[in-house]
Amino acid sequence: MQSAAQGAARTVSVNRVDGRLKVTGGARYSADHLAERAAHGYLLLSTVALGTIRSMDVAAAQRAPGVLAVFTPFHPLKLNGGGNPFSVGHSWLPLQDAEVRYHGQAIGLVVAETFEQARDAAALVSADYDVRPPAASLPDGIPRATDPGRVNGEPAVLNLLADGVGTIDEALASSEVTVSGTYSQPMKHHSAMEPHATVAVWQDDQLTLYNGTQSASLTLGTIAAALGVEPARVRVISPHVGGGFGNKIATWAHPLLAAAAARTLGRPVKVVLTREQTFTVTGNRSAVRQTVTLGARRDGTLVAVKHQAYSSQSTSGGIFETSPHTTSRYLYRAENIHLDQKIVTLDVPPPTWMRAPGQESGSFALETALDELAVELGMDPVALRLRNDATVYPGRNVPWSSKHLDECYRVGARRFGWDRRDPAPRSDVRGEWLVGTGTASAVYPAERFPASVKVRFQADGDVAVSSATADLGTGMWTVLAVLGSEALGLPVDRIRTDLGDSTLAANIGAFGSGATASTGPAVAVAAEAASTELIKLAVTHERSPLHGVPAADVRYDRGDLVAPGRRIGFAALLQAVDVAGVEATGSTAPGPEHGQHAFTSFGAHFCEVRVNRWTGEPRLARITTVIDGGAIVNAKTARSQIIGGVIFGIGQALLEGAQVEPATGRIANANLAEYLLPVNADVPPIDVHFLNHPDTLFNPLGARGIGEVGTVGVAAAIGNAIHHATGRRIRDLPITLDKLLD
Amino acid sequence: MRAFDFAVAETLGQALTRAGSGAGSAYLAGGTTLVDLMKLDVMTPRQVVDINRLPLRGVTTDRSGLHIGALERMSDVAVHPLVTARYPVIAQALSRSASPQLRNMASIGGNLLQRVRCGYFRDTSTPCNKREPGSGCPAIGGENRGHAILGTSDSCVATHPSDLAVALVALDASVRLVGRDGTRDVRLADFYRLPGDTPQLEHDLRPGELVTRVTVPELAWARRSAYLKIRDRQSYEFALASAAVALDLRDGVIRDVRLAVGGVGTRPWRLPEVEEALRGMSPRPDAVEAAAARAVADARPLAHNRFKVTLVRRTIVRALTNLAG
């Protein structure tokens with residue numbers, strides 16, 4: 001058995017094994033599945049935010065060409081409210097009542113022979129509502145904010161105070177220097193390149209659901225429960241996902257309705273959301289308003305960190321931003337820490353997990369406040385962060401398994417050329433551009449879930465490595481191949497990977513930046529188990545050249561079985577005994593190490609911005625990001641993930657935000673022309689560096705996870721650089737040119 | 001999208017005959033506005049006449065100036081040597097428009113007739129005076145960061161979306177219009193209408209008429225011209241403010257100047273009073289800014305677009321001072 005290079009820093013950098021499929025159009029995403037006789041569904045959405053549907057006029061739509069059915073709350077598809085596990089993204093099931101809870105809620109499904117017929121018939125449906133005025137503004141709702149109870153397993157209001165300190169305000173009052181700021185950001189949308197889509201196919205009371213998802217198993221459980229069928233009669237297939245970012249974990253209205261409609265109509269039904277529909281039928285990130293107050297000694301030592309947040313929540317439920325508890329809770333050492341998370345429940349679409357949920361917003365507030373403190377102290381922002389580097393998890397006194405945030409800063413500063421910086425704001429003017437630099441920390445916890453992997457030696461000489469995990473474009477196809485290659489001592493091109501199918505080895509999927517950390521260790525265990533099975537076959541089968549050799553004398557070596565004086569390849573063995581393949585499943589799960597250490601990925605961002613002195617637009621010149629994410633399995637796809645995370649942060653900093661109309665609850669910019677995401681022209685050169693220190697206390701692979709950490713802190717680094725360039729501190733995202741015009 | 005009749009015209013005469021009185025009929029060129037709005041149910045023509053086979057092509061010059069066929073694609077005109085050499089402002093306005101995919105499809109005539117990007121116009125679940133006269137204008141009290149500050153009315157505040165039109169208005173271009181009753185040339189500046197009480201009437205095109213070409217008068221000093229477009233992101237976005245400038249600069253003094261702004265008006269906004277103030281002036285930033293203030297004397301900002309009053313002045317200053325170099 002080859003060691004899976006356990007604990008050793010990797011330098012592997014291979015191309016995506018699914019790359020050719022993707023660039024040639026061969027990769028089939030959910031909507032690409034062309035089921036025979038498939039009908040097409042188009043969702044009807046509410047055009048008011050709050051009220052009750054009195055009636056719906058569907059007569060014209062029913063008469064329209066090609067229309068098969070129009071389902072509404074008055075002619076519903078039956079769905080069951082009970083059952084477990086149940087991961088619908090909102091607290092209600094579609095069409096089961098006539099209530100409208102937000103603008104753009106699913107209130108019907110038109111099914112027709114073609115997509116165009118369904119869409120055009122949908123335009124003929126009108127709904128009559130009893131309308132009530134919605135609450136849709138976070139600032140307006142703050143006076144009636146509520147305490148969510150617990151956040152991340154801790155009280156929503158949490159005090160970690162030094163002995164003898166009564167309140168955080170006492171600690172602030174005794175601080176030599178304090179700064180305080182209020183930071184806000186709008187509701188945001190994941191905007192994955194692949195819109196949500198489902199194809200539901202029933203055959204012999206078995207449902208096959210092609211549904212782009214981060215978790216085939218969660219989708220399966222939810223669909224089975226909602227449709228009232230045995231989980232064993234549902235299969236979810238999702239080999240390629242065109243971006244998830246947290247919005248393809250929960251199950252939304254469209255797969256529920258597609259599966260139910262397909263059952264009712266007796267033919268496959270495809271539902272693809274339009275871009276506009278993805279904004280309200282699926283989840284979002286809470287709007288957040290935060291206040292951070294820092295108290296410090298003159299030497300920069302933090303005495304008090306007070307972090308309060310109001311996050312928008314939906315009357316339909318959902319996952320709200322937990323900004324203080326995911327950042328100020330543990331990012332820096334401070335004698336006194338106070339966290340306070342409140343929620344403001346609004347008549348808006350439900351928030352859900354969105355890349356670095358909590359850290360994304362929390363780091364903007366905390367890392368901007370630190371920059372404000374550095375300016376107040378006249379201290380270098382890097383030195384300030386190094387001064388307050390936490391070596392044990394605050395309040396728990398457990399050490400980190402592997403933490404190198406200080407090294408991120410030292411390496412990053414050198415790569416970026418930070419020491420050339422004149423700290424004075426507006427000190428670097430080049431022609432019509434004001435130039436500035438800024439920095440901020442990145443942080444994201446390492447997650448690990450139980451996972452199984454199957455390894456199968458095939459008579460054709462390849463080895464299949466498979467698991468029911470997901471590849472969101474992140475590189476899991478390739479990671480499985482690389483890890484299979486290492487565990488089996490075979491070239492990557494002899495590993496056949498498979499994933500994204502609920503019938504494969506059990507795996508909860510890809511979220512929480514935990515897919516590699518969860519699935520990776522199981523590859524080595526499965527490889528070991530499969531090679532044991534191979535040896536067993538070799539010594540027991542009478543046509544085997546190794547028949548009768550004691551199993552203890554046979555070992556697996558790079559695709560061969562080796563016994564004293566003899567060596568045979570597994571393919572030759574399987575052909576000799578006429579067996580198509582030998583397989584085994586290996587499973588791993590987090591163990592007792594959890595609780596003894598804190599497991600967290602860290603990073604440091606440095607960026608240079610230019611702000612036009614006349615017209616105020618901020619433009620990025622370059623970014624350096626150094627990541628402490630444990631061992632890196634495949635440098636090439638890892639780098640892409642961090643670049644993607646940084647670009648996500650550029651959107652947060654400079655462009656993104658839903659315009660929710662306070663009076664109507666309507667999102668005024670629910671399309672990609674007006675909900676602005678960075679385009680290539682907005683993305684500067686991004687220098688990514690991995691420290692690559694394996695975290696073997698976390699798992700044998702030493703890999704933590706890098707899907708989200710790259711986003712965290714980017715907005716603060718950019719905002720801090722804008723302050724350095726212009727002398728203006730913008731605490732309201734996105735930082736657009738209108739806020740910078742003097 | 002509603003069902004419609006589709007016809008392909010081989011000749012100008014066929015197109016005009018097919019369109020007839022124009023009622024319920026739409027011409028299809030690149031389709032980047034029409035098809036988009038038909039899918040949204042905003043435009044519901046009963047008949048669509050494809051004019052792409054008409055011979056309305058070519059970029060040529062003669063004594064009267066530069067002629068651009070109405071069916072030339074934006075991407076082709078943006079790189080045409082006659083355009084890039086003699087009228088950089090046109091080339092730049094085109095290359096900063098939309099996205100490469102859209103520029104490859106969209107025609108010059110269609111660009112000048114494109115509908116507004118106002119989100120309320122595009123959403124049939126909301127009122128809009130332009131879409132349904134008399135239904136109201138939610139943009140005035142709604143999301144209006146991108147809307148106009150010049151030429152607005154109580155009926156409509158939508159910004160004219162075309163970059164090309166701003167450059168052409170600065171250069172005194174005209175369009176040739178052909179209809180069943182004959183051919184006429186109209187200055188582009190006179191072609192576009194203010195919304196007033198009738199925002200559904202956007203221009204002076206008569207029913208069934210077709211734009212066949214654009215003519216830009218000869219202007220030797222337009223070789224020193226530029227289009228500056230200010231927006232949040234660096235591609236695929238409409239202007240928050242833009243300036244089309246041509247400069248006749250001799251011995252450090254502005255002898256003559258052409259100036260129009262975009263992203264701020266309900267139509268492309270020529271600024272004769274600023275041009276007048278600039279003539280004879282040395283293009284120093286402070287002096288230009290003082291002159292540019294005249295551009296916004298009549299501005300009517302809304303809740304979210306007040307910044308445009310400053311931004312458009314700065315855009316003019318930046319464009320002019322960069323061009324004066």
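- Among the candidates B:Leu240, B:Leu311, B:Ile230, the single residue satisfying the side chain to side chain contact (heavy atoms under 4.5 Å, CB included) test with A:Glu617 is B:Ile230.
- Using a 4.0 Å cut-off between a side-chain N of Lys or Arg and a carboxylate O of Asp or Glu, B:Lys229 and B:Asp163 qualify as a salt bridge.
- The aromatic rings of B:His147 and B:Tyr120 are tilted relative to each other, their planes meeting at an angle between 30° and 60°.
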**OP:** Please lay out, stage by stage, how B:Arg224 and B:Leu249 fare under the test side chain to side chain contact (heavy atoms under 4.5 Å, CB included).
**Re:** CA-CA 9 Å; B:Arg224 188 197 286 265; B:Leu249 188 71; 3.9 Å; yes

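- Between A:Ile107 atom CD1 and A:Thr72 atom OG1 the span is 8.5 Å, to the nearest 0.5 Å.
- With a 4.5 angstrom heavy-atom cutoff, B:Thr126 touches chain A only via side-chain atoms.
- Between B:Arg306 and A:Asp738 no salt bridge is recorded (no basic side-chain N to carboxylate O distance below 4.0 Å).
- Per-residue heavy-atom pair counts under 4.5 Å with chain A were compared for B:Arg122, B:Glu237, B:Glu289, and the maximum is reached by B:Glu237.
- Contact annotation for A:Leu124: only side-chain heavy atoms (C-beta onward) come within less than 4.5 Å of a heavy atom of chain B.
- Here B:Arg318 is the residue among B:Arg314, B:Arg145, B:Arg318 with the most heavy-atom pairs under 4.5 Å with chain A.
- Among the candidates B:Thr310, B:Val312, B:Asp123, B:Thr315, the residue making the largest number of heavy-atom pairs closer than 4.5 Å to chain A is B:Asp123.
- Counted within 6.0 Å of NZ on A:Lys739, heavy atoms from surrounding residues, nucleotides or ligands total more than 12; the atom is thus considered enclosed.
- Only the backbone of A:Arg613 has a heavy atom closer than 4.5 Å to any heavy atom of chain B.
- Chain B forms the most heavy-atom pairs under 4.5 Å with one residue out of A:Asn680, A:Leu737, A:Leu654, A:Asp682, and that residue is A:Asp682.
- Using a 4.5 Å cut-off between heavy atoms, B:Asp41 contacts chain A through its side chain alone, with no backbone atom that close.
- Highest contact tally toward chain B, considering only A:Leu676, A:Thr736, A:Leu677, is held by A:Leu676 [criterion: heavy-atom pairs under 4.5 Å].
- Residue with the most contacts toward chain B among A:Asn669, A:Asn612, A:Thr664: A:Asn612 (heavy-atom pairs, distance under 4.5 Å).
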Subject >> Audit row: A:Lys188, A:Phe648, side chain to side chain contact (heavy atoms under 4.5 Å, CB included) steps and yes/no >> reply: CA-CA 11 Å; A:Lys188 286 204 284 288; A:Phe648 217 79; over 6 Å; no

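- Ranking A:Thr615, A:Val679, A:Thr47 against chain B, the residue ahead of the rest is A:Thr615, based on heavy-atom pairs under 4.5 Å.
- Note: B:Arg233 leads B:Glu143, B:Arg233, B:Arg2 in heavy-atom pairs under 4.5 Å with chain A.
- Contact of B:Asn305 with chain A is not made at all, since no heavy-atom distance falls under 4.5 Å.
- Listed for the B:Asn129 side chain is a donor-acceptor partner under 3.5 Å among the backbone atoms of B:Gly134.
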